[in-house]
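Following: one structure in structure tokens, then a few remarks.
Values below: all heavy atoms of this structure, side chains included; hydrogens, waters and symmetry mates excluded. Each chain gets a letter, A, B and so on, in the order the sequences are listed, and its residues count up from 1.
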Number of protein chains: 4
Amino acid sequence: MAIRKQQKEETRTRIINVALTLYGENGFVHTTTAEIARAANVSHGTIFVHFPTQKDIFISVINAFGSQIATRLHDLLAENASVRDVFAAHLKGLIEFEPFYSRLVSEQSLLPLEARDTLVMIQSCVSFHLGQAIERQFCAQDDRALPIHLIFNGWIALIHYYLANHDLFAPGESVLKNCGKELLAYYCQLITKSFSQANPC
Amino acid sequence: MAIRKQQKEETRTRIINVALTLYGENGFVHTTTAEIARAANVSHGTIFVHFPTQKDIFISVINAFGSQIATRLHDLLAENASVRDVFAAHLKGLIEFEPFYSRLVSEQSLLPLEARDTLVMIQSCVSFHLGQAIERQFCAQDDRALPIHLIFNGWIALIHYYLANHDLFAPGESVLKNCGKELLAYYCQLITKSFSQANPC
Amino acid sequence: MAIRKQQKEETRTRIINVALTLYGENGFVHTTTAEIARAANVSHGTIFVHFPTQKDIFISVINAFGSQIATRLHDLLAENASVRDVFAAHLKGLIEFEPFYSRLVSEQSLLPLEARDTLVMIQSCVSFHLGQAIERQFCAQDDRALPIHLIFNGWIALIHYYLANHDLFAPGESVLKNCGKELLAYYCQLITKSFSQANPC
Amino acid sequence: MAIRKQQKEETRTRIINVALTLYGENGFVHTTTAEIARAANVSHGTIFVHFPTQKDIFISVINAFGSQIATRLHDLLAENASVRDVFAAHLKGLIEFEPFYSRLVSEQSLLPLEARDTLVMIQSCVSFHLGQAIERQFCAQDDRALPIHLIFNGWIALIHYYLANHDLFAPGESVLKNCGKELLAYYCQLITKSFSQANPC
DNA sequence: AATGAATGAGCCTTCATTCAT
DNA sequence: CATGAATGAAGGCTCATTCAT
């Protein structure tokens with residue numbers, strides 16, 4: 001019976017992985033439960049055995065995605081990283097999940113709140129490391145200093161903006177691969193200069 | 001004769017305005033032609049007398065929106081404005097159309113290309129003034145200078161990010177009203193410091 | 001006021017002619033009242049001023065068509081015509097109205113009964129001449145003779161069949177022009193031989 | 001598993017049969033997918049589970065019809081049949097499917113090309129046997145002989161004409177049953193006499 | 001547990017007809 | 001009278017979800 005359980009778990013996992021791929025390829029809105037079933041080689045009904053509701057599929061997928069990317073980011077975000085290192089790691093991590101992440105950002109407004117939660121989780125992770133890096137790198141946080149949450153939001157915003165307009169900045173390719181370096185350089189320059197002027201410590 | 005034409009135009013306008021409102025309230029994806037008809041106090045069929053296709057409603061609405069906001073921005077963007085003035089005017093303009101603009105940004109990926117066109121148009125307008133302001137304010141554009149397109153995209157990205165996450169930053173209210181000042185201050189500080197260090201001219 | 005009346009009549013006539021053309025071109029089923037209005041350069045409402053119902057347009061059109069073709073056939077069907085002459089005149093007459101006549105035959109089942117009436121009327125006309133011609137040409141009508149109504153129906157059937165399958169027998173062209181001669185020759189031969197054997201008088 | 005498949009097939013078949021009946025009764029144009037669903041005791045959606053498109057229902061129905069009638073004709077068309085036998089068998093076969101066949105002929109011009117294909121198929125079948133029968137019965141095909149395709153088209157045309165005007169020739173009844181004998185006698189006489197005179201062999 | 005056939009609410013769109021101007 | 005804007009009843013089709021097998 002353990003075999004049964006294992007098989008079920010395997011089916012569930014397959015559905016999630018297939019859904020994750022389809023969501024990335026066609027977007028959440030244009031991915032039907034029937035398509036997922038077909039791609040996962042299970043019956044349409046099976047989908048609803050594992051996930052009572054379409055929303056549940058989504059939640060499971062996004063959770064799976066969340067864990068994967070969190071793990072990956074954890075690995076990438078080394079201790080004692082510089083600000084640039086943090087951003088670079090973040091980019092590297094996102095690039096590995098770009099299609100899905102991109103859809104997530106683009107269609108966020110139409111998705112259950114869990115989508116937001118996962119994004120927040122990912123960002124907390126990076127944000128935390130960024131905070132440490134900034135503290136290390138730029139001594140104190142005096143009054144004139146830039147608030148970390150804005151620095152971070154500015155960075156996230158930039159990435160999301162480029163992802164949302166990927167067909168404008170890198171049609172048919174990975175925006176993050178194409179523009180990541182430029183964004184990184186730009187944003188680091190911006191931050192660094194601001195800080196160095198504010199806190200030459 | 002003129003009366004009829006005027007009334008028709010009025011109906012058409014009413015449909016567009018109603019649609020603009022509904023789009024802003026419920027989003028594009030969740031606004032049906034039947035709802036628009038109901039809200040506009042016309043029969044469902046009337047909608048298709050004025051707009052052959054659902055897409056056409058959208059296009060007309062977005063064009064109407066585009067003209068309105070362009071006009072408004074044109075008025076707000078004074079000559080000889082400082083960088084801060086440009087950003088402030090931009091914010092002020094957007095605040096007046098926030099619900100619709102917010103949906104436009106959030107659901108962009110699911111909308112016809114005309115949505116992007118309008119956004120680009122709006123941004124070109126602001127971008128142009130920003131370019132001039134930067135040039136005036138920060139002398140030259142030497143190698144170490146920040147590329148304007150990045151400065152601008154960074155700003156747009158920030159605003160869009162806050163709009164997309166308005167329920168996080170200002171639940172039930174206007175994000176731009178709530179966070180606009182902070183964003184403005186932050187971004188100006190960032191830009192100014194970077195420039196002043198780079199080009200103390 | 002006679003001018004008014006005349007103008008009205010003229011409009012009515014224009015609508016009918018336009019409808020006749022459109023019916024011939026696109027078929028009855030696929031010709032909308034709006035199209036007719038547009039093609040006739042009148043408002044959509046005007047159509048219903050002259051014709052209370054779509055059906056009434058059709059009836060008027062078919063009556064107009066009926067008179068025209070009846071007149072024409074009357075002219076073509078000379079006295080003392082041979083059987084072949086009658087058939088030839090019939091063909092010649094139909095060719096002049098082929099598009100409309102063809103649609104009439106093809107879509108007859110979906111049209112008001114008036115369509116049938118007109119077809120019957122046309123056919124009575126030809127049938128009458130055919131009867132006379134046969135009597136003249138083949139002496140008596142003894143028991144072994146072919147019944148005229150069958151001879152005639154056979155001929156009509158043949159023509160209608162070729163009209164209904166015009167895209168098979170003469171794609172993009174006039175079937176009657178292309179195949180008329182062959183049909184004529186064949187049918188005359190058939191009739192003649194049958195009669196000459198039956199009644200060598 | 002087999003049960004499900006069988007039930008599905010049964011539903012599909014029921015839909016097809018119901019549609020076939022409705023098409024025969026009310027015509028293709030006036031039979032809606034909702035009506036078919038109702039008559040087949042399935043939900044409207046079920047129709048589209050089995051047939052993606054209204055056209056697909058039609059095609060399936062006409063294919064089903066095609067096979068049935070082809071099989072029946074094959075059975076009826078004996079070897080060594082006389083010309084009269086072939087015509088009689090043809091009539092007998094058609095009578096069994098008269099309502100549907102009649103609609104098919106009447107509304108052909110508004111139907112997908114598959115309608116024509118099926119008609120052609122049926123006719124090829126009969127035409128082939130007719131050709132053989134004629135050859136057997138009337139020795140040679142000299143120059144004066146009647147071309148088979150015209151003989152056949154004449155026959156088909158006659159039947160179609162009577163079907164199309166069934167309410168004229170046999171209101172509320174089967175035209176083929178009512179007039180079939182007469183048509184058969186007439187056409188055989190016509191053919192026979194023509195041939196016997198041409199080729200008295 | 002898995003299957004997959006069936007469901008039905010909901011959406012966009014068409015078009016003959018009406019009626020205020 | 002003529003106009004043409006407005007009407008509303010249908011119709012085809014989609015898709016998440018249910019349930020008998």
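Rounded to an integer number of Å, the gap from CD1 of Ile57(A) to P of dA16(F) is 8 Å. As rounded to whole Å, 17 Å separates atom C1' of dA16(E) from atom CZ of Phe48(B). Residue Gln7(D) contributes atom CD, which lies 8 Å from atom P of dA6(E) at whole-angstrom precision. Whole-Å rounding puts the Ile36(B) CD1 to dT13(E) C1' distance at 14 Å. Taking atom CD on Gln54(A) and atom P on dT14(F), their separation rounds to 16 Å, with Å as the unit. Between the CD1 atom of Ile15(C) and the P atom of dA2(F) there is a distance of 9 Å, rounded to whole Å. Here dA1(E) presents its P atom at 16 Å from CD of Glu10(A), a figure rounded to the nearest Å. Taking atom NZ of residue Lys55(A) and atom P of nucleotide dT17(F), one finds them 11 Å apart after rounding to whole Å.
Pairing for dC11(E) is with dG12(F), a Watson-Crick or G-U wobble pair whose two hydrogen-bonding atom distances lie under 3.5 Å. Base pairing of dT17(E): its partner is dA6(F), meeting the Watson-Crick or G-U wobble criterion (both donor-acceptor distances under 3.5 Å). Remark: dA1(E) base-pairs with no nucleotide; criterion is Watson-Crick or G-U wobble with both hydrogen-bond distances under 3.5 Å.
Here the CG-CD1 distance, from Asn63(C) to Ile16(C), works out to 8.5 Å after rounding to the nearest 0.5 Å. Interatomic distance, CD of Gln68(C) versus CZ of Phe97(C), reported as 5.0 Å (0.5 Å rounding). Taking CG from Asn17(B) and CZ from Phe65(B), the interatomic distance works out to 13.0 Å, rounded to the nearest 0.5 Å.
Using a 4.0 Å heavy-atom cutoff across all strands shown, Val42(D) reaches sugar-phosphate atoms only and no base atom. As judged by a 4.0 angstrom heavy-atom cut-off over every strand, His50(A) is placed among residues touching the sugar-phosphate backbone only.
Checking dT3(E), dC13(F), dG4(F) against every side-chain atom of Arg4(D), the shortest atom distance belongs to dT3(E). Listed candidates were dA6(F), dC12(E), dC15(F). Nearest to the side chain of Thr32(A) is dC15(F). Taking every side-chain heavy atom of Val49(A) into account, dA2(E) is the closest of dA6(E), dA6(F), dA2(E).
For dT7(F), one of the phosphate oxygens OP1 or OP2 lies less than 4.0 angstrom from a side-chain nitrogen or oxygen of Ser43(B). Taking side-chain N and O atoms only, Thr33(D) has no distance below 4.0 Å to OP1 or OP2 of dG11(F). Phosphate contact (OP1/OP2 of dA6(F), side-chain N/O of Thr11(B), threshold under 4.0 Å): present.
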For Ser109(A) and Arg103(B), run side-chain hydrogen bond (donor to acceptor under 3.5 Å, both in side chains): C-alpha distance rounded to whole Å, both residues' side-chain angles, the deciding distance at 0.1 Å, then the answer.
CA-CA 8 Å; Ser109(A) 66; Arg103(B) 293 287 182 181; 5.5 Å; no
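In terms of position along DNA chain F, the nucleotide closest to Gly45(B) lies nearer the 5' end than the nucleotide closest to the other residue of the pair Thr31(D) and Gly45(B). Residue order along DNA chain F, read from the 5' end via each residue's closest nucleotide, puts Thr46(B) first among Glu35(D) and Thr46(B).
Of the charged side-chain nitrogens involved, none lies within less than 4.0 Å of a carboxylate oxygen, so that Lys5(C) and Glu9(C) do not count as a salt-bridged pair.
Heavy-atom minimum distance, Ala39(A) versus Leu22(A): CB-CD1, 3.9 Å.
On a pure distance criterion of 3.5 Å, no polar donor-acceptor pair joins the side chain of His44(B) and the base of dC12(E).
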